[in-house]
> 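Supplied in structure tokens, the structure appears directly below.
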There are 2 protein chains.
Amino acid sequence: MARLSSADRRAVLVRAALRVIDRDGVYRATTRAIVAEAEMSLASFHYVFRSRDEMLGELFAFVVRREEEATLAALSSSVSIRQAVRSGLQAYFDLLAAHPEREQALQELIQYALRTPELAALPGAQYRRYVHSAQTMLEHGAELTGVRWAIPIEQLSGVLVAFTDGLTMSWLANRDDSAAAALMEFAADAIAAQSVPARSIPASDPPREQPQ
Amino acid sequence: MARLSSADRRAVLVRAALRVIDRDGVYRATTRAIVAEAEMSLASFHYVFRSRDEMLGELFAFVVRREEEATLAALSSSVSIRQAVRSGLQAYFDLLAAHPEREQALQELIQYALRTPELAALPGAQYRRYVHSAQTMLEHGAELTGVRWAIPIEQLSGVLVAFTDGLTMSWLANRDDSAAAALMEFAADAIAAQSVPARSIPASDPPREQPQ
DNA sequence: GTCTATACACCGATAGAC
DNA sequence: GTCTATCGGTGTATAGAC
């Protein structure tokens, strides 16, 4: 194998490991399988990574970053906030349907990290980043469509993330596209119901639920 | 070890395996660790189970059954349907908070089963059972509080399961009780909003959400 | 820096004594 | 029916030649 800088070799190995994990699962992504995928020797792995777990930590960060970028890019122009939320969910679902192995791999990585003391803090951090992304989308969507949120935005972001988690779990389990669509319709309705026109005086009959 | 019937020995091993999985994860629940936990010899394991995967299949069925019974038992008497849904969610959450290892173990088992051809059908079946449980609860709750559902019950059951999945994922990641409570409030509102009084004439302003 | 060869632990599963 | 002993294989990680 050609001479590579340490950073380059780490990146090559992380990408190779990701292909193995997508294909065969975290459990089978052994150091041997990874270096075979990357077409390099086993010793080269341990020349740039102290351990397999160290590599998995770097891989986890890479995956979270990639996922974040993909979903944030999906903010389309919409006339209503309901439509904006709905199409944001659709963009996520399209990603899920196009690469189910990736989402499954991410779930496995979360479980693995939770069981590994050295990596146990990563899932919490990843989750906070997702909530933050959701918050950005909700704020931006509200601004674009001229509404504001009637309940605290942090709370609503958590709800949106929970919806996408639930969507992911159920679709991975049954691959039922129409059930997924129904769930997204429901979620878009329920979230949009928490919006009020941006310039209106706060209603005396306060927020909670029901039409917009 | 005393002589046991095959069925008894299988049950003993399944329960021991469950303790190991709760404590150390599916990945570390090796045949050796399991028989050590059960205080029997390795050969006894293979006397009653053809393979480790065969045992895990039996264990998976056991866990799904246990989970189902626990949630179905939680249907309390409530005056409003919102309150009924809310307390149903609370009952599930109490279970989750009391035994987080169990839910984490279940997630791992699902991932493992999806990667194992012999067990790949189990998660789908488990998911259908959950949706069915949710449907039973929603039907029963509606009956008790004198309402009916404005959208198809299968659809609403899927939503409820998605909420519990999202609740599970987020709480396992951040252990934030108040965020979990906020999510449950939101879910109870959103689901109860799909109910109408049982004896009323269907509203002319029809029940949000598309028919399927 | 990169390789081959190997150490050493542990895996699932089985043979064969009792 | 239950055990000890062991097989063949694979895991992570490292030693040492080049």
Side-chain angles (χ1 to χ4, degrees), chain A residues 1-21 23-60 105 108-109 111-113 115-119, chain B residues 1-21 23-60 108-109 111-113 115-120:
Chain A
M1 190 80 185
R3 287 181 183 222
L4 291 176
S5 77
S6 223
D8 284 350
R9 189 174 292 277
R10 286 165 78 103
V12 167
L13 282 167
V14 164
R15 274 149 183 90
L18 214 37
R19 289 195 299 276
V20 176
I21 291 174
R23 192 193 328 121
D24 303 325
V26 173
Y27 178 79
R28 293 184 183 83
T30 64
T31 50
R32 286 178 141 93
I34 293 163
V35 297
E37 175 75 24
E39 294 181 305
M40 66 177 74
S41 77
L42 186 54
S44 294
F45 183 100
H46 286 287
Y47 184 75
V48 293
F49 286 115
R50 195 177 313 109
S51 69
R52 175 174 177 267
D53 282 345
E54 184 184 86
M55 188 275 298
L56 284 176
E58 197 160 304
L59 181 144
F60 193 90
E108 288 178 352
L109 282 166
Q111 302 300 334
Y112 182 84
R115 293 288 188 191
T116 308
E118 191 191 344
L119 307 177
Chain B
M1 190 82 187
R3 280 155 124 91
L4 291 176
S5 76
S6 221
D8 285 350
R9 189 173 290 275
R10 288 166 78 103
V12 167
L13 282 168
V14 163
R15 274 148 183 90
L18 214 37
R19 289 194 299 276
V20 176
I21 291 174
R23 186 174 65 240
D24 302 324
V26 173
Y27 178 78
R28 294 184 182 82
T30 64
T31 51
R32 289 178 145 90
I34 293 163
V35 297
E37 175 76 24
E39 294 180 305
M40 65 178 74
S41 77
L42 185 54
S44 294
F45 183 100
H46 287 287
Y47 185 76
V48 292
F49 286 115
R50 195 176 316 110
S51 69
R52 177 175 177 268
D53 282 344
E54 183 183 90
M55 187 275 298
L56 284 176
E58 196 159 307
L59 181 145
F60 193 91
E108 288 179 351
L109 283 166
Q111 302 299 337
Y112 181 84
R115 293 289 187 189
T116 307
E118 191 191 344
L119 307 177

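Reckoned from all heavy atoms, side chains included, excluding hydrogens, waters and symmetry mates. Residue numbers begin at 1 in each chain, while the letters A, B, ... track the order of the sequences. On a predicted model such as this, the values are computed, not experimentally measured, just so you know.
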> Can you tell me which nucleotide in D:dT2, D:dA15, C:dG1 comes closest to the side chain of A:Ala43?
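Comparing D:dT2, D:dA15, C:dG1 against the side chain of A:Ala43, the answer is D:dA15.
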> What integer distance in Å separates A:Arg32:CZ from D:dA13:P?
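Between P of D:dA13 and CZ of A:Arg32: 12 Å.
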> From CG of A:Leu42 over to C1' of C:dA5, roughly how many Å is that when rounded to an integer?
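My rounded result for the distance is 11 Å.
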> Specify the separation, in whole Å, of atom CZ of B:Arg28 and atom C1' of D:dT12.
14 Å
> Rounded to the nearest Å, what distance is computed from the CG atom of residue B:Leu13 to the C1' atom of nucleotide D:dT2?
13 Å
> To the nearest Å, how far apart are B:Arg50 CZ and C:dT14 C1'?
15 Å
> From the list D:dT12, C:dT2, D:dT6, which nucleotide is the closest neighbour of the side chain of A:Arg9?
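The answer is C:dT2.
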> Tell me, do B:Asp53 and B:Tyr112 make a side-chain contact under 4.5 Å, heavy atoms counted?
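Result yes, sub-4.5 Å side-chain heavy-atom pair found.
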> Round to a whole Å and report the spacing from CZ of A:Phe49 to C1' of D:dT14.
18 Å
> So which one's nearest nucleotide on DNA chain D is more toward 5', B:Tyr47 or A:Ala29?
B:Tyr47
> In this structure, which one of B:Arg15, B:Arg23, B:Arg28 forms a salt bridge (charged side-chain N to carboxylate O under 4.0 Å, His left out) with B:Glu37?
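It is B:Arg23, the one option of B:Arg15, B:Arg23, B:Arg28 that forms the salt bridge (charged side-chain N to carboxylate O under 4.0 Å, His left out) with B:Glu37.
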> Quick check for you: among C:dG12, C:dG1, C:dT6, whose closest atom lies nearest to any side-chain atom of A:Arg3?
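Within the option list, the nearest is C:dG1.
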> Quick check: closest heavy atoms across B:Ala29 and B:Ile21, and the distance to 0.1 Å?
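For B:Ala29 and B:Ile21, the tightest heavy-atom pair comes out as CB-CG1, 3.5 Å.
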> Send over the distance from A:Glu39 CD to C:dT2 C1', rounded to a whole Å.
16 Å
> Distance check: side-chain N/O of A:Thr30 vs OP1/OP2 of D:dG11, anything under 4.0 Å?
yes
> So do the side chains of B:Phe45 and B:Met40 get within less than 4.5 Å of each other, counting heavy atoms only?
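No, their side chains stay 4.5 Å or more apart.
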> Looking at B:Thr31, I'd like to know whether one of its side-chain N or O atoms comes within less than 4.0 Å of OP1 or OP2 on C:dC11.
no
> Under 4.0 Å, heavy atoms only, any strand: does B:Ser41 hit a base, just the sugar-phosphate, or nothing?
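B:Ser41: base contact, heavy atoms under 4.0 Å.
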> In a check of side chain to side chain contact (heavy atoms under 4.5 Å, CB included) between B:Val48 and each of B:Leu4, B:Asp8, B:Leu13, which one passes?
B:Leu13
> Rounded to the nearest Å, what distance is computed from the NE2 atom of residue B:His46 to the P atom of nucleotide C:dA13?
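The answer, rounded to whole Å, is 5 Å.
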